[in-house]
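Note: hydrogens, waters and symmetry copies are ignored here, and every other heavy atom, side chains too, is used. A quick note: this is a predicted structure, and the numbers were derived from the prediction, not measured. Here is how names work: the chains are called A, B, and so on, in the same order as the sequence lines, proteins then strands, and each is numbered from 1.
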Protein chains: 2
Amino acid sequence: MSRSDLPSHTCTIARASAQVGDEWTLLIMRELFLGTRRFDDFLRLTSMSSHLLSQRLRKLETQGVIRREPYSERPPRHEYRLTEKGLDLWTVIIALKQWGDRWLSTEDTPVQIMHKVCGNVVRPHMICPDCGERMGAHDAEAKISEPFQMERQAVRRAP
Amino acid sequence: MSRSDLPSHTCTIARASAQVGDEWTLLIMRELFLGTRRFDDFLRLTSMSSHLLSQRLRKLETQGVIRREPYSERPPRHEYRLTEKGLDLWTVIIALKQWGDRWLSTEDTPVQIMHKVCGNVVRPHMICPDCGERMGAHDAEAKISEPFQMERQAVRRAP
DNA sequence: TTAGTCAATTCAAAAAGTGAAGTGACTTCT
DNA sequence: AGAAGTCACTTCACTTTTTGAATTGACTAA
């Protein structure tokens with residue numbers, strides 16, 4: 001099975017990976033959250049090739065993660081902006097950032113998060129909505145649904 | 001600049017992307033969090049090629065995200081397990097899963113999260129550690145550090 | 001002995017990514 | 001008015017990565 005089959009997986013992590021799980025797409029998402037809107041800026045700030053950038057932007061637009069908005073008629077110009085679907089990836093990018101800050105950096109973080117509501121620079125984290133306690137890998141257990149478990153049993157027994 | 005230069009970026013999101021930001025690595029991470037430990041199981045459950053799987057496992061081991069643990073001397077066998085660094089990616093995988101559940105799925109989620117502390121199936125979310133309120137893209141603002149801002153200005157003005 | 005398991009490696013073909021150059025619709029400078 | 005510059009791409013030749021099938025090698029179980 002190839003990368004192009006990922007969107008058809010039952011697992012939503014596989015499906016999400018297929019949409020945004022590659023190096024350059026994640027870098028584009030970073031830029032979008034930092035406020036970058038134009039082709040040339042993405043190009044310089046990510047230092048990716050223009051070929052790849054236009055491919056990825058097209059893909060993200062098709063998926064509804066970003067939208068093109070015209071900001072000038074003559075010459076015809078437009079900018080790229082996050083849709084609600086795209087904005088909702090914030091948690092993923094922040095989680096990745098915190099992990100990178102913690103495990104891959106020696107210096108201070110290059111990007112801080114400010115909470116507009118309270119005005120503080122913060123390091124957001126995940127909590128359990130029921131008991132309100134902080135949550136991590138150690139206190140979570142994955143429960144696989146019946147149909148998905150069956151599907152997995154089948155492939156494990158396969159040739 | 002190419003993919004291989006990502007680890008040298010100042011930005012920790014770029015660095016994190018370089019380590020775990022690709023489709024197959026994310027799928028391997030999913031499996032690790034679901035409890036998969038052995039080569040053949042990864043192979044069947046992700047349906048990736050064995051060549052790529054062994055490459056990725058080697059890379060993840062080198063990076064310290066997973067470790068190989070022997071579980072049998074004869075025949076020599078070992079399993080792959082998450083290190084602390086790997087376990088700390090939980091938030092990223094969960095964030096990706098929630099996003100996939102919300103935007104890419106029609107049916108019920110194939111994997112639920114149970115909080116061991118309170119015993120409930122939950123959808124964890126991010127909060128501001130200072131004021132305790134739920135946080136998302138709309139109420140966050142990115143603050144770019146002085147040195148990183150300078151670096152970015154430089155590339156924007158570049159040829 | 002033969003078949004089977006596990007954890008890979010090898011190899012050729014196909015797909016994806018890279019970097020440089022080019023295009024076209026404009027605007028600004030002189 | 002002509003030349004140079006900007007922005008948003010596309011094209012193309014080349015390199016790297018991925019794919020999928022086959023093979024290896026160390027063992028075990030029938």
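A straight line from CZ of A:R156 to P of C:dT5 spans 13 Å, rounded to a whole angstrom. If you take CZ of A:R157 and C1' of C:dT5, they are 14 Å apart, rounded to a whole angstrom. Rounded to an integer number of Å, the gap from B:L43 CG to C:dA8 P is 11 Å. For the pair A:E23 CD and C:dG17 C1', the computed distance is 11 Å after rounding to whole Å. The CD-C1' distance, from B:E79 to C:dA7, rounds to 14 Å in whole Å. What separates CZ of A:R77 from C1' of C:dC26 is a distance of 7 Å, to the nearest Å. Remark: P of C:dA25 and CG of A:D40 are 18 Å apart, rounded to the nearest angstrom.
With a 6.0 Å cutoff to the six-membered ring centre and a 45° limit on the axis angle, B:R152 counts as a cation-pi contact of B:F148.
Under the 4.5 Å side-chain contact rule for hydrophobic residues, B:I127 and A:I113 do not share a cluster. Note on B:L52: it clusters hydrophobically with B:F39, by side-chain heavy-atom contacts below 4.5 Å among ILVMFWY residues.
Contact between B:R30 and A:A14 at its shortest, heavy atoms only, is NH1-CB, 4.0 Å.
Bracketed by its first and final contacts, the part of DNA chain D lying under 4.0 Å from non-hydrogen atoms of chain B reaches from D:dT18 to D:dT28 in 5' to 3' order.
Across all strands, B:Y80 comes closer than 4.0 Å only to sugar-phosphate atoms, never to a base (heavy-atom distances).
Shown for residues 53-70 of chain A: residues whose heavy atoms fall under 4.0 angstrom of DNA chain D, namely A:S54, A:R58, A:R68.
Side-chain atoms of B:S47 do not come within 3.5 Å of backbone N or O of B:R44 as any donor-acceptor pair.
A side-chain donor-acceptor contact under 3.5 Å links B:Q153 and B:R157. No hydrogens or angles considered: nothing links the side chains of A:H9 and A:E151 as a donor-acceptor pair under 3.5 Å.
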Between B:R37 and B:F42, is a side-chain contact (heavy atoms from CB on, under 4.5 Å) present by the stated rule, with each step listed?
CA-CA 8 Å; B:R37 301 277 175 262; B:F42 286 111; 5.6 Å; no
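Taken from CG in A:L96 to CG in A:D101, the straight-line distance is 10.0 Å, to the nearest 0.5 Å.
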Which atoms of nucleotides 18-20 of chain C (N or O only) lie under 3.5 Å from a protein N or O atom, and what are those distances?
from: C:dT18; atom 1: OP1; to: B:R3; atom 2: N; distance (Å): 3.0
from: C:dT18; atom 1: OP2; to: A:W24; atom 2: NE1; distance (Å): 3.3
from: C:dG19; atom 1: OP2; to: B:M1; atom 2: N; distance (Å): 3.2
from: C:dG19; atom 1: OP2; to: B:M1; atom 2: O; distance (Å): 3.4

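Residues B:R67 and B:E61 are not paired through a salt bridge, judged by the lack of any N-O separation under 4.0 Å between the basic side chain and the carboxylate.
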